[in-house]
Asker: 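Below is the structure I would like to discuss, written out as C-alpha cells.
Basis for what follows: all heavy atoms, side chains included, without hydrogens, waters or symmetry-related copies. Just so you know, these numbers come straight off a predicted model, no measurement behind them.
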Amino acid sequence: MHTIWKGSISFGLVHIPIKLFAATESKQIHLRQLHQECHTPIKYDKVCPVCEEKVDQDEIVKGYEYDKGHFVVLDDDELEAIAAAKSKTIDIIDFIQLKEIDPIYFNRSYFLGPTENGEKAYTLLKRAMEETEKVAMAKFILRAKEQLAAIRVYQKALLIETLHYPDEIRPVDHVPGLVDLDLEEKELKMAKQLIEQLTTDFEPEKYTDEYRAKLKDMIENKITGNEIKIAREVPETDIKSLMDALQESIQQTKKKTKRRRTTKKKAKTS
C-alpha cells in the first residue's frame, strides 16, 4: 500500500507513530473524450472568454463568487496566513460509542498502521478500544484541511474515518414533499412482512456493480472483436394498487427465498 501520510496518534501522554493508507479504492471505469474523426483525446485549454486568449498558470488567481459575476480575489499569501497549522499529530479528543455516529457523517476511510518502534503502543490502543467497545473522536490535518475523524478497530487494524462537520449536513426539512400520511394497518403489516422476508445476514460479497461489469465486458469484447450481446430488459409487472404491489412483492420474495435455500442445501451436500 502507498503511504499517504506519516505522523502519530496523541493518546493522552502517549504518542503512537503511524502511517496512513487509503482503505478503499474507486473501481470506476473512466472514459476519455475523443475526436470522432481521428480518435485523438481532446485537450482542454484554459481560455478567458472576455480577452479571448489562452491564460497561463501564473496568470490565474483564486476568487470567491459572493454574488452573480462578482468576485473577491484571495492571493496565496492571504490563504497561507489562515491555513491550518501543519501538524503530524492525530489528536484524540473524546471516546464514544460507534452507534452514536449517524452514517451520514462518514466521509472517507483510511487504515492506520504502526511505524517502526510503534507496534506496542499501537497494539495497546487497539486492544483497549476493542475491549471497551469505544470509538475515538479525533482531529488532524490532511491536505491542508483540518479533518474531524473517528478512529475505530477494524479486523486486525485501526481504521480512521474522516467525518463531515455538522454544518456540512443539509437540513432534512429542506427536502420537498415530506409529509406524514395516515396509513392503513393492513398496508403497514404487509410492508413489515415484506421487510422480514427480505431480512438476511450482511454479506458484502454478493453486492456487485452490475453496470461496471457490463461496461468492462463491452470494452473487452470491443478490444477482442467479439460480438456484443445486449440483455433484454425485464418487463415491468402491471400493478394496479399499493396493496397489489405489496402482495406481489411478498409472493416473488417467497419464491426467491425458496430457491436460495434450495441452492444452499445443494451446496452443503455436494
Side-chain angles (χ1 to χ4, degrees), residues 1-28 57-58 60-66 72-172 202 204:
M1 286 187 176
H2 174 69
T3 302
I4 295 175
W5 187 90
K6 286 183 181 180
S8 64
I9 298 174
S10 177
F11 173 43
L13 297 178
V14 178
H15 287 265
I16 307 167
I18 53 93
K19 293 180 181 179
L20 196 71
F21 307 91
T24 59
E25 59 180 331
S26 173
K27 293 290 186 178
Q28 182 180 351
Q57 185 60 42
D58 59 3
I60 297 174
V61 296
K62 297 183 178 72
Y64 175 75
E65 189 173 15
Y66 62 90
V72 57
V73 177
L74 304 167
D75 62 40
D76 291 339
D77 290 338
E78 290 172 324
L79 293 172
E80 184 68 27
I82 63 168
K86 291 181 174 62
S87 172
K88 289 294 182 180
T89 304
I90 299 174
D91 293 308
I92 292 178
I93 306 165
D94 301 303
F95 284 93
I96 64 170
Q97 292 184 319
L98 180 60
K99 65 182 181 181
E100 295 181 67
I101 308 174
D102 191 286
I104 196 172
Y105 285 95
F106 292 121
N107 184 15
R108 191 79 186 269
S109 303
Y110 299 92
F111 288 128
L112 293 172
T115 60
E116 190 176 354
N117 301 321
E119 296 89 349
K120 186 172 182 179
Y122 179 94
T123 304
L124 175 65
L125 177 59
K126 183 174 74 69
R127 187 82 53 81
M129 289 177 62
E130 204 166 28
E131 295 188 5
T132 57
E133 297 181 345
K134 291 293 191 298
V135 173
M137 293 296 296
K139 280 188 175 184
F140 73 113
I141 308 300
L142 180 64
R143 300 188 180 97
K145 180 186 175 184
E146 184 179 68
Q147 304 280 353
L148 179 65
I151 303 172
R152 63 185 179 91
V153 178
Y154 177 79
Q155 297 181 6
K156 298 178 180 179
L158 287 174
L159 182 81
I160 188 166
E161 309 248 16
T162 55
L163 305 175
H164 293 291
Y165 283 96
D167 60 356
E168 294 178 315
I169 308 298
R170 291 178 173 177
V172 70
F202 178 54

Asker: Describe, in one word, how the ring planes of Trp5 and Phe140 are oriented to each other, choosing from parallel (under 30°), tilted (30 to 60°) and perpendicular (over 60°).
Answerer: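 Rings of Trp5 and Phe140: perpendicular, as their planes differ by over 60°.
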
Asker: Check whether any side-chain heavy atom of Met137 sits under 4.5 Å from a side-chain heavy atom of Ile101, and report yes or no.
Answerer: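 Yes. Closest side-chain heavy atoms under 4.5 Å.
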
Asker: Taking all atoms of both residues into account, what is the closest heavy-atom pair of Met129 and Phe95, and its distance?
Answerer: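 Here Met129 and Phe95 meet closest at CG-CE2, 4.1 Å.
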
Asker: Can you tell me how far NZ of Lys99 sits from CD of Gln97, rounded to the nearest 0.5 angstrom?
Answerer: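 Between atom CD of Gln97 and atom NZ of Lys99 there are 5.0 Å.
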
Asker: Rounded to the nearest 0.5 Å, what separation is found between the CZ atom of Phe106 and the CG atom of Leu163?
Answerer: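 If I round to the nearest 0.5 Å, the distance is 6.5 Å.
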
Asker: Evaluate Asp102 against Ile169 for side-chain contact (heavy atoms from CB on, under 4.5 Å), listing each step before the verdict.
Answerer: CA-CA 11 Å; Asp102 191 286; Ile169 308 298; over 6 Å; no

Asker: Ignoring hydrogens and angles, tell me if any N or O in the side chain of Ser26 forms a donor-acceptor pair with the backbone of Gln28 under 3.5 Å.
Answerer: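 Yes.
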
Asker: Give, for atom CG of Leu74 and atom NZ of Lys62, the distance between the pair rounded to the nearest 0.5 Å.
Answerer: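 Between Leu74 CG and Lys62 NZ, I get 9.5 Å after rounding to 0.5 Å.
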
Asker: Kindly indicate, with the supporting measurements, whether the criterion side-chain contact (heavy atoms from CB on, under 4.5 Å) is fulfilled by Leu158 and Val153.
Answerer: CA-CA 5 Å; Leu158 287 174; Val153 178; 4.1 Å; yes

Asker: Just so I know, are the side chains of Tyr165 and Glu146 near enough to count as touching, which here means a heavy-atom distance under 4.5 Å?
Answerer: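 Of all side-chain heavy-atom pairs linking Glu146 with Tyr165, at least one is under 4.5 Å.
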
Asker: Begin from the C-alpha positions of Tyr110 and Leu142 and carry the test side-chain contact (heavy atoms from CB on, under 4.5 Å) through to its verdict.
Answerer: CA-CA 12 Å; Tyr110 299 92; Leu142 180 64; 3.8 Å; yes

Asker: What distance separates Arg152 CZ from Ile160 CD1, expressed to the nearest 0.5 Å?
Answerer: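 Between atom CZ of Arg152 and atom CD1 of Ile160 there are 11.5 Å.
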
Asker: Do Leu125 and Ile151 touch side chain to side chain, with heavy atoms closer than 4.5 Å?
Answerer: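 A side-chain contact under 4.5 Å is absent here.
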
Asker: Does NZ in Lys88 sit with more than 12 non-hydrogen atoms of other residues, nucleotides or ligands closer than 6.0 Å?
Answerer: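 Yes, because the 6.0 Å sphere around NZ of Lys88 holds more than 12 heavy atoms from other groups.
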
Asker: Would you give me the side-chain donor-acceptor pairs under 3.5 Å for residues 11-24, sequence neighbours excluded?
Answerer:
none

Asker: Any heavy-atom pair between the side chains of Asp75 and Val61 that's under 4.5 Å?
Answerer: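 They are not in side-chain contact.
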
Asker: Can you tell if the side chain of Val73 reaches within under 4.5 Å of the side chain of Glu78, non-hydrogen atoms only?
Answerer: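 A side-chain contact under 4.5 Å is absent here.
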
Asker: Mark yes or no for whether Glu119, through its side chain, and Asn117, through its backbone, hold a donor-acceptor pair below 3.5 Å.
Answerer: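 Between the backbone of Asn117 and the side chain of Glu119 there is a qualifying donor-acceptor contact (under 3.5 Å).
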
Asker: Using the side-chain contact (heavy atoms from CB on, under 4.5 Å) rule, take Glu161 and Tyr154 through it: C-alpha gap first, then chi angles, then the decisive distance, then the call.
Answerer: CA-CA 11 Å; Glu161 309 248 16; Tyr154 177 79; over 6 Å; no

